Amino acid sequence: MNIFNILFSSLIFSFILFHLNALNVTHDSRSIINDGTHRIILSGSIHYPRSTAQMWSDLIRKAKEGGLDAVETYVQYDFSGNLDLIRFLKTIQDQGLYAILRISPYTCAEWNYGVSLRTKNDVFMNEMKNFTTLIVDMVKKEKLFASQRGNIILAQVENEYGNINWCAQMADSLNIGVPWIMCQQAAPPEPMLETCNGWYCDEYKPKDPNTPKMWTENWTGWKFKPTKMGHLKQLHDVLHSIEYTLTNGDVKNEKLNNLVMATIYQTKEKSSCFLSNTNTKIDANVNFGGISYFVPVSTQTSLMVKKLNKAEDEPSSLKWTWRPELIESASVQGRRDISVNKIVDQKDMANDVSDYLWYMTSIDVAKDDPMLNGTVTLRVNDTSHVLHAFFNGEYIGSQWSKYGDNNVTYVFEKNIKLSLRKNLISLLRLSLNYGPMFDLVGAGITSPIELVLSKNIIKDLSSNKWTYKVGLNGISNKFFDTNCASKSSSNWVSDPIPVDRNFTWYKTTFKAPLGNKPVVVDLLGLGKGMAWVNGHSLGRYWPSYIANKKLCKTETCDYRGRYSDSKCVSKCSEPTQRWYHVPRSFLKDGENTLVLFEEFGGNPSAVQFQTVEIGSICINTHEGKEVKLSCQDRPISKIKFASFECVGKESCSFKITEDKFGKPSCEIKKLAVEAVCKDITF
Ligand SMILES: *[C@@H]1O[C@H](CO)[C@@H](O)[C@H](O)[C@H]1NC(C)=O
Ligand SMILES: *[C@@H]1O[C@H](CO)[C@@H](O)[C@H](O)[C@H]1NC(C)=O
Ligand SMILES: *[C@@H]1O[C@H](CO)[C@@H](O)[C@H](O)[C@H]1NC(C)=O
Ligand SMILES: *[C@@H]1O[C@H](CO)[C@@H](O)[C@H](O)[C@H]1NC(C)=O
Ligand SMILES: *[C@@H]1O[C@H](CO)[C@@H](O)[C@H](O)[C@H]1NC(C)=O
Ligand SMILES: *[C@@H]1O[C@H](CO)[C@@H](O)[C@H](O)[C@H]1NC(C)=O
Ligand SMILES: *[C@@H]1O[C@H](CO)[C@@H](O)[C@H](O)[C@H]1NC(C)=O
């Protein structure tokens, strides 16, 4: 069969799966029902705006290989380029997977803004209706709902918000032909189906007895998703293999001892069971159906290794040029700046256009002003995040809140010496815009801003004329845009490269690493700032932000038992992040350009481009169990801890000791998988 044939037959396959008939998606208390068949839908989330359109099909393929049935996604209100929702949905469809469309309009997902802008008010309600209708119409036009022979089997309205009847009615009136879901709600009105978002949803029960138990989000946007696909694939395969008994069988629980419970699903033909051990530390020995089981803890961890893979003619270190960022002062104000006689909330002023906002004011000091000859303290009250202060064009200091608490205020204080007549105060404020109550607690500098000479001699500058400038000069003038480079290339200086200099732009060129493995840029040595490759933003970086060393309490990782974010904390005292993904589609043959804006001061000389691949796998297991090793598409090169016949294979299985069990009523493999993931009991 030639390539064309293969492609052609896979197209036929997805065509048959989704286009021949409309799918009748309903539900009962046990599960979603597709054309009369109870289904367990295993879904993974891909936030498409976080990746390039070129990466989508590979990400979806991996989801499918990992045993998933569906991909769920949020929706962005912008459909250009990497935000092409319809293209994303069709890519899912082409791979033969279902889609779950979380229209919201609110996407939490740890992007800017947050929780409580969505109150019941006409402005928001109208916008929400408009938005939801727009998305539904777009999707209907492309016939993507399962009711139209498409692949969308569920749609979500709202996200992790209260029980809002009006938005349920509004959604229902759009007649999409597949069920609507609402997550983390008090019982939503019919016909909305209630679902759960959270780390664990094992103890969750929908309030409506006719709603099946659905877990729609494991807070995926927050986490580094480790490469545990091999392990999860086995779990998914097991769940699929017992789908019928799980969705049709009678259920009963049998207590085996104080901590271990067997949950048995029984139909006329078959039974399946789960053993769950609620002890947080000790593995269990249990007797079940006359057979004793040692419930093992067996995990496979893949380590990602980074390699240089440099093009042959690439020099060993990158050559840099640099230029300073313009430090604003009241004398360099642009036409579009806004002046007001008060301190304005940063969200209102910057309107999410930029993280950066300048606050600038000038103070006239008269000859007889007592502040003239004394030491004066500039005192700024701030709602945390990052503040840099300048006095008469000179940097005088910075402050930011540590470890992410954004419902705190701090006071920045610095001594200054005022000059006769005009003095300029410029404050550069950076807002990282996420956190609980973000919209309620306010952002930016708050009143009062004061000059303090003594307890009794204080000047409040809050009602001075403040000039606001949104963003940075280099960003407005696109220093990162390689198309503009020729225009301003003379402004980039090659020698010497300053180190630890704040508010500095750096630029270099590089060749794409060889091969097709994912590329990262290692920014260790830099402080904090933003990065671009060939004009495409890689986002913010902050490798000088060191993970709190007090948080790492134990060497081992054990997530069993109640979830707590203090479990499995690792890499304390190390940068919270130093490698940043550079999508291959940003790169071209020949010369590529990397531009950095360094805000805190750093040294770019160690910056490197690397490729990432799976390096080695570690197994923890107990006697009597079969373990399976897999390096995904790479052969196993070395077995370090034992000599089994795995070297050279892409995957292999073996038993740790001889099988000492008789014919079990529940298959061992299923038990092993379930024992590890005991939180998945239905
Ligand atoms: C869809 O399936 C349900 C039962 O699950 C049935 O009651 C309904 O009539 C079906 N609808 C269509 C259009 O076939
Ligand atoms: C949404 O509102 C805009 C302008 O307010 C209007 O042009 C558009 O037709 C509306 N879209 C829908 C789907 O209601
Ligand atoms: C949910 O996420 C947590 C933390 O990453 C993980 O330990 C747990 O296994 C996840 N649950 C499932 C069923 O994937
Ligand atoms: C500040 O010092 C200058 C020169 O030393 C003096 O002329 C002036 O009167 C002083 N002003 C005040 C307010 O003390
Ligand atoms: C900051 O300003 C607010 C409002 O004026 C005030 O309530 C608060 O106490 C100030 N914070 C500090 C730490 O002084
Ligand atoms: C912020 O924290 C204070 C206590 O530190 C608390 O009283 C207040 O309610 C919090 N505000 C919000 C909006 O969460
Ligand atoms: C650069 O900024 C950092 C924090 O913003 C500050 O600690 C440091 O003193 C500054 N360095 C210089 C040279 O201005």
Side-chain angles (χ1 to χ4, degrees), residues 12-43 68-72 89-90 92-93 96-103 132-133 135-157 167-183 185 187-196 201 204-216 236 239-251 265-272 680 682:
I12 293 280
F13 175 72
S14 50
F15 183 79
I16 288 171
L17 195 57
F18 293 121
H19 296 259
L20 218 55
N21 289 306
L23 189 66
N24 181 11
V25 185
T26 56
H27 71 91
D28 65 9
S29 64
R30 297 295 288 270
S31 77
I32 291 292
I33 301 173
N34 286 350
D35 279 344
T37 306
H38 284 89
R39 294 297 317 275
I40 291 178
I41 306 291
L42 301 173
S43 149
L68 298 183
D69 309 293
V71 170
E72 56 160 55
L89 291 170
K90 288 185 169 174
I92 300 171
Q93 186 176 35
L97 291 181
Y98 294 127
I100 297 174
L101 187 65
R102 303 176 64 182
I103 299 178
T132 312
T133 311
I135 302 295
V136 166
D137 287 351
M138 269 172 69
V139 168
K140 271 190 181 170
K141 188 166 158 261
E142 301 291 333
K143 301 209 182 316
L144 287 168
F145 285 112
S147 52
Q148 302 174 290
R149 307 178 179 188
N151 66 330
I152 299 171
I153 53 167
L154 296 170
Q156 180 193 304
V157 66
C167 89
Q169 282 158 14
M170 181 274 290
D172 191 36
S173 73
L174 298 175
N175 290 320
I176 58 174
V178 299
W180 282 100
I181 55 175
M182 290 177 98
C183 55
Q185 319 280 286
E190 275 189 52
M192 302 287 124
L193 300 181
E194 176 194 343
T195 69
C196 176
C201 288
Y204 155 83
K205 274 202 177 65
K207 277 125 221 139
D208 170 16
N210 290 322
T211 297
K213 191 163 167 172
M214 287 190 278
W215 182 10
T216 38
H236 297 155
L239 289 173
H240 280 138
S241 74
I242 55 176
E243 185 176 55
Y244 182 78
T245 39
L246 290 183
T247 53
N248 292 279
D250 295 331
V251 193
Y265 291 78
Q266 181 87 50
T267 60
K268 280 201 189 87
E269 305 84 27
K270 300 187 216 179
S271 73
S272 309
I680 306 193
F682 288 77

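Hydrogens, waters and symmetry mates play no part in the numbers below; they use all other heavy atoms, side chains included. Note that the coordinates shown come from a computational prediction; the quantities given were computed from them, not determined experimentally. Both ligands and their constituent atoms are indexed starting at 1 by order of listing.
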Indicate yes or no for a side-chain donor-acceptor contact from K213 to the backbone of Y204 under 3.5 Å, with no hydrogens or angles considered.
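Yes, because the side chain of K213 sits within donor-acceptor range (under 3.5 Å) of the backbone of Y204.
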Q148 side chain to F145 backbone, donor-acceptor under 3.5 Å:
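Yes, because the side chain of Q148 sits within donor-acceptor range (under 3.5 Å) of the backbone of F145.
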Considering non-hydrogen atoms only, spot the tightest contact between L97 and A70 and give its length.
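The pair with the smallest heavy-atom distance is CD2-N, 4.4 Å.
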Write out the residue and atom name of the closest protein heavy atom to atom 4 (C) of ligand 1, then the distance separating them to 0.1 Å.
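Atom 4 (C) of ligand 1 sits closest to the protein heavy atom T26 OG1, 4.1 Å.
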For atom 6 (C) of ligand 1, which protein heavy atom lies nearest, and how many Å away is it?
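For this ligand atom, the closest protein heavy atom is N24 ND2, 4.1 Å.
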So, for atom 14 (O) of ligand 1, does the protein have a heavy atom nearer than 4.0 Å?
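When distances to the protein are checked, atom 14 (O) of ligand 1 has a heavy atom within 4.0 Å.
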Scan T195, I181, V178, I92 and name whichever one has a side-chain contact (heavy atoms from CB on, under 4.5 Å) with I100.
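Of T195, I181, V178, I92, side-chain contact (heavy atoms from CB on, under 4.5 Å) with I100 is met by I181 alone.
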